[in-house]
Number of protein chains: 2
Amino acid sequence: MGRSKTALFTPSQNELADLARALAHPARVAILQYLANSQSCINGTLVQELSLAQSTISQHLQELKELGLIRGTIDGASVNYCLDIPRWREVQQYFQAFFEQISEIKTGDLCCD
Amino acid sequence: MGRSKTALFTPSQNELADLARALAHPARVAILQYLANSQSCINGTLVQELSLAQSTISQHLQELKELGLIRGTIDGASVNYCLDIPRWREVQQYFQAFFEQISEIKTGDLCCD
DNA sequence: ATAATTGATCGTAATATTACGATATAATTG
DNA sequence: CAATTATATCGTAATATTACGATCAATTAT
C-alpha cells in the first residue's frame, strides 16, 4: 500500500478493502469459481485448469485462506481446498451492506445530475 | 500484476477483478461512502475529510472515474464528483451474480466438510 | 492584470503484488 | 529405503500501487 495509512480508516473500511483485494485478481476469481463448481477441489487440478505455475497458485490459495474464504484439509499427499461457506455468506453480507449503503441514495440527492 | 496474464482469464473474470480492485483500498471505499452521503461532493472537501494529500486523493478519484464508478462535472473552479448511479447498479449486479454463482453450492456438495 | 484557489498531472520514493524456478517437506508407491 | 507425487515455501525479478511534493492549467477574486 505504499506508505501504509490503514490507521486513517475505519475497521469496516479496511475490512471491506481487504475482502475486495481478495477478489482483485482474475486468478483468484477463477479459483473461487472453480472451487464452487467442482467436487474434486485440489491444488493439482487447479494447476491444470489455470495455466499458472504451481507455486503461483499455491500463493493465491494462501491469500484466500488467510482471509478465511477457503479452507484446506489434508488428504493423504494432497490437500482438499474448498470454500468456507459460512464465512462466504458473511463476506457476501459485507459487500451487500456496502452496496445498499451506496444505492440508498436517490438520484435527486446528487449534486451533479 | 507482475508479468501480466490477463489473457489467461475470461473477460468476465477480469472485469470482476478490476471492479474489486476499485474497492480494494480503504481510501476509495471512504470516498465512495462520502460521495453517497454528501450533497457537496467536491474534491476539496474530501481532502479535509480523509487526511491524505490532495494529489493522492485526485489519483484515487481518477481510478474510480476510469472504472466509471464516479463522474465529475466542472463547476467553476472546482469539480463536482458524484456516483454514477446507473453504472453503480450494473456493478452491484456484477458482484451479486458472482456471489450467487458461489453460494448456489449446497454444503453437501463440497469435498472437505 | 495579478493573486488566490482548485484540481490535475509529473516525477519519484517506498512498498506491495505477481510470477516463476528451485528447493523443502510430507505422504505414497514400488 | 528409494522414488514419486503433491503442496508449501524461499528467493528474486518484473511490475503495480500508494503517497507525496512540486508544478501546471483553469477559474475566480481583488
Side-chain angles (χ1 to χ4, degrees), chain A residues 1-9 13-14 17-31 35 40-67 70-82 111-112, chain B residues 1-9 13-14 17-31 35 40-67 70-82 111-112:
Chain A
M1 197 195 267
R3 280 187 219 109
S4 197
K5 297 263 171 172
T6 48
L8 291 180
F9 306 98
Q13 287 165 340
N14 282 312
D18 283 344
L19 291 173
R21 226 195 313 279
L23 306 182
H25 193 288
R28 289 193 292 270
V29 171
I31 288 173
L35 289 185
S40 66
C41 37
I42 10 178
N43 188 334
T45 326
L46 283 166
V47 176
Q48 292 150 38
E49 199 69 15
L50 321 178
S51 24
L52 288 172
Q54 180 264 321
S55 56
T56 304
I57 289 176
S58 187
Q59 202 174 289
H60 283 304
L61 287 168
Q62 295 319 305
E63 282 171 63
L64 292 172
K65 204 162 78 176
E66 263 155 43
L67 280 158
I70 64 175
R71 280 182 354 227
T73 57
I74 295 168
D75 174 21
S78 52
V79 177
N80 273 341
Y81 275 107
C82 62
C111 49
C112 49
Chain B
M1 196 194 270
R3 278 186 221 110
S4 197
K5 297 264 170 170
T6 48
L8 291 180
F9 306 99
Q13 286 165 340
N14 283 311
D18 284 342
L19 292 173
R21 225 193 314 279
L23 306 182
H25 193 287
R28 288 193 292 270
V29 171
I31 288 173
L35 290 185
S40 67
C41 38
I42 12 179
N43 189 333
T45 327
L46 282 166
V47 176
Q48 292 151 37
E49 199 69 14
L50 319 179
S51 24
L52 288 172
Q54 180 265 322
S55 57
T56 304
I57 289 175
S58 187
Q59 202 174 290
H60 283 304
L61 287 168
Q62 294 321 304
E63 281 170 64
L64 292 172
K65 205 161 77 175
E66 263 155 44
L67 281 158
I70 65 176
R71 280 181 355 226
T73 58
I74 295 168
D75 174 23
S78 51
V79 177
N80 273 341
Y81 274 107
C82 62
C111 49
C112 48

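Chain letters run A, B, ... following the sequence lines, proteins first, then strands; residues in each count from 1.
- Side-chain atoms of Ile31(B) and Leu50(B), non-hydrogen and from C-beta on, do get closer than 4.5 Å to each other.
- Every residue two or more places apart in sequence or in another chain was checked for a side-chain hydrogen bond (donor to acceptor under 3.5 Å, both in side chains) with Asp75(B), and none qualifies.
- Two residues are said to be in side-chain contact when any heavy atoms from C-beta on lie closer than 4.5 Å; Thr6(B) and Asn14(B) meet this criterion.
- For Leu67(B) against Ala22(B), the heavy-atom pair with the smallest separation is CD1-CB, 3.3 Å.
- Rounded to a whole Å, the CZ atom of Arg21(B) is 16 Å from the P atom of dT15(D).
- A straight line from CZ of Phe9(A) to P of dT18(D) spans 11 Å, rounded to a whole angstrom.
- The minimum heavy-atom distance linking Ala27(A) with Phe9(B) is given by the pair CA-CE2, 3.4 Å.
- Within 4.0 Å (heavy atoms only), Leu52(B) reaches sugar-phosphate atoms of the nucleic acid but no base atom.
- Counting to the nearest Å, the P atom of dA16(D) and the CZ atom of Arg28(B) are 15 Å from each other.
- Within a 6.0 Å radius of CD1 in Ile74(B), no more than 12 heavy atoms belonging to other residues, nucleotides or ligands are found.
- With both pairing distances under 3.5 Å, dT30(D) is matched to dA1(C) as a Watson-Crick or G-U wobble pair.
- Here the C1' atom of nucleotide dT15(D) and the NE2 atom of His25(A) are 11 Å apart, to the nearest Å.
- Nucleotide dA22(D) holds its P atom 17 Å from the CD atom of Gln59(B), rounded to whole Å.
- When rounded to the nearest whole Å, the span between CD1 of Ile57(B) and P of dT17(D) equals 19 Å.
- Remark: P of dT17(C) and CD of Glu66(A) are 10 Å apart, rounded to the nearest angstrom.
- For dA8(D), one of the phosphate oxygens OP1 or OP2 lies less than 4.0 angstrom from a side-chain nitrogen or oxygen of Tyr81(A).
- Rounded to an integer number of Å, the gap from Leu46(A) CG to dA6(D) P is 13 Å.
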Where along nucleotides 21-30 of chain C does protein come under 4.0 Å, by heavy atom, of base (B) or sugar-phosphate alone (S), with - for untouched nucleotides?
BB----SS--
Please tabulate, for side-chain N and O atoms in residues 52-64 of chain B, each donor-acceptor pair with protein atoms closer than 3.5 Å (sequence neighbours left out).
unit_1: His60(B); atom_1: ND1; unit_2: Arg28(B); atom_2: NH1; d: 3.0
unit_1: Gln62(B); atom_1: NE2; unit_2: Tyr81(B); atom_2: OH; d: 3.4
unit_1: Glu63(B); atom_1: OE1; unit_2: Arg28(B); atom_2: NH1; d: 2.9

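- Look at dT23(C): its Watson-Crick or wobble partner, with both distances under 3.5 angstrom, is dA8(D).
- His60(B) has a side-chain polar atom (N or O) that falls below the 4.0 Å cut-off from OP1 or OP2 of dA19(D).
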